[in-house]
Protein chains: 2
Amino acid sequence: MSVTTLHRPTHRDALGLLEAAFGDGRMVTAFGRCSVDYDGRASSELGPGDRLVVCKPDGTILVHTDENRKPVNWQPPGCVHRASVRDGQLRIRSERSSPTERLDVAFERVEQVTAYEVSDRSDLRLTGSEEDLRQRILDDPALVEPGFEPTATERETAAGPVDIFGADAEGRPVVVELKRRRVGPSAASQLRRYVEAVDEEFPDEGVRGLLVAPSVTDRAAALLDELDLAFVPVDPTANVASEGTPR
Amino acid sequence: MSVTTLHRPTHRDALGLLEAAFGDGRMVTAFGRCSVDYDGRASSELGPGDRLVVCKPDGTILVHTDENRKPVNWQPPGCVHRASVRDGQLRIRSERSSPTERLDVAFERVEQVTAYEVSDRSDLRLTGSEEDLRQRILDDPALVEPGFEPTATERETAAGPVDIFGADAEGRPVVVELKRRRVGPSAASQLRRYVEAVDEEFPDEGVRGLLVAPSVTDRAAALLDELDLAFVPVDPTANVASEGTPR
DNA sequence: AGTTCAATCTCGTGC
DNA sequence: GCACGAGGTTGAACT
């Protein structure tokens, strides 16, 4: 049976389905009036209301209200779920250690509980990531500037890995930081850290820093200017499918 | 009726429930074998598999597999959902403009569709945030250092707002950046930006920068040291309820 | 397990 | 709307 649903179950009946589903790796949804209590990296309390609770076989639990993409409460994968009935409430508890975290959902009324057998072998294929932008630039380094020659990606420095490292037409070291979207001050600071680290490796070689992104905010532009770092605009919507670009 | 469920519905019956629920602000879940196509800030494709789709009345849509806290695909609040039947598939399309984004979920088989009436007036109360840490320090500035005198919070500078601004025992300007958890290089850079901005406001006054957090990574510690910024450890699990701390 | 950084980040706040 | 920064960020890749 792929889907098992209980409509307005007694707490005891709901408990039975939850325990069975937790035991054999099914996904579960429970909807009803509940309160939520969380304690771990932070602490939270949520008074009574109607919410949709999703328990995944990997130990994830999500509590969704009628608003927002983010669950109002949750536990990440790796937690252990248990259900119980106490004080006239159906409770779902999810716990983990390192860090120690606990989530309690207490239903005073359960409208519906459903267990799902899930089979999903497909992987998401996503394009438009920073990784894709990097590949575009490696395929055609002139997108950065004429004469740019990449020599390494994710090159390690004392300040962390540089997205693209290379040399310009005059042979000067170039640090490139890539962003797939409009950047603010933090990206400028990140580039600065890398440039300073590389500068210590190549003293007196005039290391250059380039921030490659679709656009920059005013504050970031001012910061780049002050730090002698350059912004290089790239079209974020360029066709990724265009392979075989001549070098 | 608080919950309406269709078990193994025909596409046409599922469509009817979806349209009714989208029309009157109910939350919906649909479970079945589906493929997903997304195009917007990025693009993605997801082949057939069993997933749980959640549509919220605020325009959010979530596509959840059996793993992870993050939906495999989604749209944020503010989107418009529509359902249709074409080519033997039940389709749910969610769109928005600015930015232009489109999500298509195509079910070849629907195991269950449910519409929920949701009523939730409770607000989440969360403790342990950076805001709470700030309040603790304002209540007892000696947590930062003896003689520290806060004069402003969220004080504006050319580089952005400073968490806590004040003066030390010798009257020197102090910039405090707060983090509720262990910090890495980016927090050190952020503090640096603020200190440099304030330094331009108070030349030759020796502006100090303090990073107040539970702990720092090695790289961040080295960076702070290099930049003459200080790290001040704070207990992240201190009791927030202890008000009335003497000043 | 810890570090670092990307993310269709999301979300709130302020301008 | 945009900008900026927090987040129980999550998640992945690497050490």
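It should be emphasised that the depicted structure is a prediction, and the values quoted were computed from it without experimental measurement. Every chain is numbered from 1 and lettered A, B, ... according to where its sequence line falls, protein lines coming before strand lines.
Rounded to whole Å, the P atom of C:dT4 lies 22 Å from the corresponding atom of C:dT8. Comparing the C1' positions of D:dG7 and D:dG11 gives an interatomic distance of 14 Å, to the nearest angstrom. The C1' atoms of D:dG5 and D:dT9 are separated by 13 Å, rounded to the nearest whole Å.
Partners of A:Val80 by side-chain contact (heavy atoms from CB on, under 4.5 Å), not counting sequence neighbours: none found. Among residues two or more places apart in sequence or in another chain, the side-chain hydrogen bond (donor to acceptor under 3.5 Å, both in side chains) test is passed with A:Glu200 by none. For the side-chain hydrogen bond (donor to acceptor under 3.5 Å, both in side chains) test, residues two or more places apart in sequence or in another chain that qualify with A:Asp120 are B:Arg51. For B:Phe22, the ring pair (Phe, Tyr, Trp, His ring centres under 6.0 Å) partners are B:His81, not counting sequence neighbours. Considering only residues two or more places apart in sequence or on other chains, B:Tyr116 meets the ring pair (Phe, Tyr, Trp, His ring centres under 6.0 Å) condition with A:Phe31.
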Side chains of residues 55-62 of chain B: which donor-acceptor pairs under 3.5 Å do they make with residues two or more places apart or in other chains?
unit_1: B:Lys56; atom_1: NZ; unit_2: A:His64; atom_2: ND1; d: 2.9
unit_1: B:Lys56; atom_1: NZ; unit_2: A:Thr65; atom_2: O; d: 2.8
unit_1: B:Lys56; atom_1: NZ; unit_2: A:Glu67; atom_2: O; d: 3.0
unit_1: B:Lys56; atom_1: NZ; unit_2: A:Asn68; atom_2: O; d: 2.8
unit_1: B:Asp58; atom_1: OD1; unit_2: B:Thr60; atom_2: N; d: 3.0
unit_1: B:Asp58; atom_1: OD1; unit_2: B:Thr60; atom_2: OG1; d: 2.8
unit_1: B:Asp58; atom_1: OD2; unit_2: A:Asn68; atom_2: N; d: 2.7
unit_1: B:Asp58; atom_1: OD2; unit_2: B:Thr60; atom_2: OG1; d: 3.3

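Using a cut-off of 4.0 Å between Lys/Arg side-chain N and Asp/Glu carboxylate O, B:Arg102 and B:Glu95 are scored as not salt-bridged.
Pairs passing the salt bridge (charged side-chain N to carboxylate O under 4.0 Å, His left out) check and including a residue from residues 212-227 of chain A, sequence neighbours excluded, do not occur. Among residue pairs with one or both ends in residues 183-194 of chain A, those qualifying as salt bridge (charged side-chain N to carboxylate O under 4.0 Å, His left out) are A:Arg192-A:Glu196, A:Arg192-B:Glu196; sequence neighbours excluded.
A straight line from OH of B:Tyr38 to C1' of C:dA7 spans 11 Å, rounded to a whole angstrom. When the C1' atom of C:dT8 is taken as reference, atom CZ of A:Arg125 falls 17 Å away, rounded to whole Å.
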Table of protein N/O atoms under 3.5 Å from nucleotides 2-6 of chain C N/O atoms:
unit_1: C:dT3; atom_1: OP1; unit_2: B:Arg182; atom_2: NE; d: 3.2
unit_1: C:dT3; atom_1: OP1; unit_2: B:Arg182; atom_2: NH2; d: 2.2
unit_1: C:dT3; atom_1: OP2; unit_2: B:Arg182; atom_2: NE; d: 2.8
unit_1: C:dT4; atom_1: OP1; unit_2: B:Arg219; atom_2: NE; d: 3.2
unit_1: C:dT4; atom_1: OP2; unit_2: B:Thr217; atom_2: OG1; d: 2.7
unit_1: C:dC5; atom_1: OP1; unit_2: A:Tyr194; atom_2: OH; d: 2.6
unit_1: C:dC5; atom_1: OP2; unit_2: A:Arg193; atom_2: NH2; d: 3.4
unit_1: C:dA6; atom_1: OP1; unit_2: A:Glu177; atom_2: OE2; d: 2.9
unit_1: C:dA6; atom_1: OP1; unit_2: A:Lys179; atom_2: NZ; d: 2.8
unit_1: C:dA6; atom_1: OP1; unit_2: A:Gln190; atom_2: NE2; d: 3.3
unit_1: C:dA6; atom_1: OP2; unit_2: A:Lys179; atom_2: NZ; d: 2.9

Review item, nucleotides 10-13 of chain C N/O atoms under 3.5 Å of protein N/O:
unit_1: C:dT10; atom_1: OP1; unit_2: B:Arg41; atom_2: NH2; d: 3.2
unit_1: C:dT10; atom_1: OP1; unit_2: B:Trp74; atom_2: NE1; d: 2.9
unit_1: C:dT10; atom_1: OP2; unit_2: B:Arg41; atom_2: NH1; d: 2.9
unit_1: C:dC11; atom_1: OP1; unit_2: A:Arg69; atom_2: N; d: 2.7
unit_1: C:dC11; atom_1: OP1; unit_2: A:Lys70; atom_2: N; d: 2.7

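For the contact set between residues 221-233 of chain B and DNA chain C, defined by any heavy atom under 4.0 Å, there are no members.
At a threshold of 4.0 angstrom between heavy atoms, the contacts of A:Ser43 with the nucleic acid are absent. Using a 4.0 Å heavy-atom criterion, one finds that B:Leu103 contacts no nucleic acid atom at all.
In summary, the side chains of A:Ser84 and A:Arg91 do not present any donor paired with an acceptor at a separation below 3.5 Å, with no hydrogens or angles considered.
Along DNA chain D, read 5' to 3', the first and last nucleotides having any atom under 4.0 Å from a heavy atom of chain B are D:dG1 to D:dG11.
Proximity of B:Asp163 to B:Tyr194: side-chain heavy atoms (C-beta onward) are nowhere separated by under 4.5 Å. Using a 4.5 Å heavy-atom threshold, the side chains of B:Leu210 and B:Glu145 count as touching.
Between the side chain of A:Thr157 and the backbone N or O of A:Gly160 there is at least one donor-acceptor pair closer than 3.5 Å.
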